[in-house]
Number of protein chains: 2
Amino acid sequence: MEAIEHDKRKCPSHLSGTECTKMLLPVKDALDILSGKWKLQIILSLSFGKKRFKQIQREIPGLTPKMLSKELKELEINGLAERRVYDTLPVSIEYELTSYGKTLQPLIGELHKWGTKHRKRIIARK
Amino acid sequence: MEAIEHDKRKCPSHLSGTECTKMLLPVKDALDILSGKWKLQIILSLSFGKKRFKQIQREIPGLTPKMLSKELKELEINGLAERRVYDTLPVSIEYELTSYGKTLQPLIGELHKWGTKHRKRIIARK
DNA sequence: GGTATCGCTTTCCTAAAGTATAGCGGTATA
DNA sequence: TATACCGCTATACTTTAGGAAAGCGATACC
């Protein structure tokens, strides 16, 4: 990450096949986890405690069951959230952030920090 | 950003219209700046110094002039990059990151950090 | 029996993002 | 004169993300 400080050692004239490409991959992975219209809101919702499907949907206006279902699956696959089935009658299902999911906190914090500065800048420039 | 620590004070049962929605906006702004197929690579490329249009294109395989042009414009609009016209003959044009653009560094660093851990985790789980 | 809630899935559709290809005005180079 | 590089733009197309609507199996409630 010294790249941005003009560290010429690691990035010779073309980027492909160099260390640069390698460093891009994890950054893109992280971005993938967070991008999309609903992921962040769902993560945020779950960060306040375990929730049921409909409960999440109610909390996030505009979110369709299809999207919610899809996003929850992805969160699960990535180990960020967990689906818990309780054998009550009828079965109730709850989703919650895993402790791994909570490790996103500093990252989201950094996004928030930069985004806030950016907002101010945009508004100031108008 | 204490949300993830289960801070119930700020986020009552539904998220819309609360502090939560407000905090989402800057995060989304930041995400917007970075997401898309090419933005990151372009920023990274420019982080190694000023570059010309074709030069950037050559460094990033698959990047079409249309996309590059579009992304550079967005970077400029957002104050992250600058377009400099030099009146050599023929005119040469260079793009470079503004100092503001360089403030993305810690954010990208955080993305890289989390993404790297995530990669390891994914690989380990297979 | 009728209606409602839960946790989804399915199908179809639209809008936005991205790709492929061509071209243009300018300059230089052989 | 022909060819090539530069910095793009324009047009047309494909691919992906997301939305809208319906429905399904199970249970429960009146």
Side-chain angles (χ1 to χ4, degrees), chain A residues 13-14 16 24 28-46 49-78 81-97, chain B residues 13-14 16 24 27-29 31-46 49-78 81-97:
Chain A
S13 62
H14 70 107
S16 58
L24 269 174
K28 283 189 177 172
D29 289 345
L31 236 29
D32 255 20
I33 297 287
L34 269 356
S35 67
K37 194 167 172 185
W38 305 107
K39 289 222 187 75
L40 230 111
Q41 287 174 79
I42 295 169
I43 291 170
L44 189 61
S45 165
L46 290 180
K50 33 173 93 169
K51 299 265 169 73
R52 303 180 62 171
F53 192 92
K54 280 283 168 181
Q55 211 173 346
I56 302 170
Q57 210 193 319
R58 261 183 255 113
E59 281 178 4
I60 305 173
L63 176 54
T64 63
K66 177 190 165 186
M67 278 297 119
L68 179 53
S69 166
K70 194 194 125 212
E71 306 288 33
L72 285 172
K73 265 172 203 157
E74 285 182 36
L75 289 178
E76 234 198 309
I77 285 166
N78 288 308
E82 227 180 329
R83 183 181 190 265
R84 289 251 178 86
V85 184
Y86 296 95
D87 56 351
T88 51
L89 265 181
V91 284
S92 55
I93 292 160
E94 288 187 336
Y95 294 89
E96 68 179 312
L97 276 195
Chain B
S13 62
H14 69 108
S16 58
L24 271 174
V27 181
K28 284 190 175 170
D29 287 346
L31 237 29
D32 255 22
I33 298 287
L34 269 357
S35 66
K37 194 167 175 187
W38 305 108
K39 290 223 186 77
L40 231 112
Q41 287 174 80
I42 295 169
I43 290 170
L44 189 61
S45 165
L46 290 181
K50 33 173 95 171
K51 299 265 169 72
R52 302 180 63 171
F53 193 92
K54 280 283 170 185
Q55 211 174 345
I56 303 170
Q57 211 194 321
R58 260 182 256 113
E59 281 178 4
I60 305 174
L63 176 54
T64 62
K66 180 188 163 185
M67 277 298 118
L68 178 51
S69 166
K70 194 195 123 210
E71 305 288 33
L72 285 172
K73 266 172 205 159
E74 284 183 36
L75 289 177
E76 236 198 306
I77 285 167
N78 288 307
E82 226 179 328
R83 182 181 190 264
R84 288 252 176 87
V85 184
Y86 297 94
D87 57 351
T88 52
L89 267 180
V91 284
S92 55
I93 291 160
E94 288 186 337
Y95 293 89
E96 69 179 312
L97 278 195

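Reminder, nothing fancy here: chain letters follow the sequence lines and each chain counts from 1.
- To the nearest angstrom, P of D:dA17 lies 15 Å from CG of B:L31.
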TODO: Give the C-alpha distance, both sets of side-chain angles, the deciding distance and a yes or no for side-chain contact (heavy atoms from CB on, under 4.5 Å) between A:I60 and A:L68.
DONE: CA-CA 10 Å; A:I60 305 173; A:L68 179 53; over 6 Å; no
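- In this structure, CG of A:L68 is placed 10 Å from P of C:dT9, rounded to the nearest angstrom.
- Within 4.0 Å of A:G36, counting heavy atoms only, lie sugar-phosphate atoms of the nucleic acid but no base atom.
- For the pair A:E71 and A:I42, the tightest heavy-atom approach, listed with the atom from each and the gap, is CB-CD1, 3.6 Å.
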Task: B/S/- contact track for nucleotides 4-15 of chain D, protein heavy atom under 4.0 Å - done: --SBBBBBB---
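- With respect to the salt-bridge test (charged N to carboxylate O, under 4.0 angstrom), the residues B:K51 and B:E94 do not qualify.
- Side-chain atoms of A:K28 do not come within 3.5 Å of backbone N or O of A:L24 as any donor-acceptor pair.
- When distances are taken from the side chain of B:P90 to each of C:dT19, D:dG19, C:dT27, the shortest belongs to C:dT27.
- Rounded to a whole Å, the CG atom of A:L63 is 14 Å from the P atom of C:dG7.
- Here A:L89 lies in heavy-atom contact (under 4.0 Å) with sugar-phosphate atoms only.
- Here the C1' atom of nucleotide C:dG7 and the CD1 atom of A:I56 are 11 Å apart, to the nearest Å.
- For the pair A:M67 CE and D:dA21 C1', the computed distance is 14 Å after rounding to whole Å.
- By the 4.0 Å N-to-carboxylate-O rule, B:R83 lies too far from B:E96 to be salt-bridged with it.
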- [ ] Mind running salt bridge (Lys or Arg N to Asp or Glu O under 4.0 Å) on B:K50 and B:E82 for me, showing each step along the way?
- [x] CA-CA 9 Å; B:K50 33 173 95 171; B:E82 226 179 328; over 6 Å; no
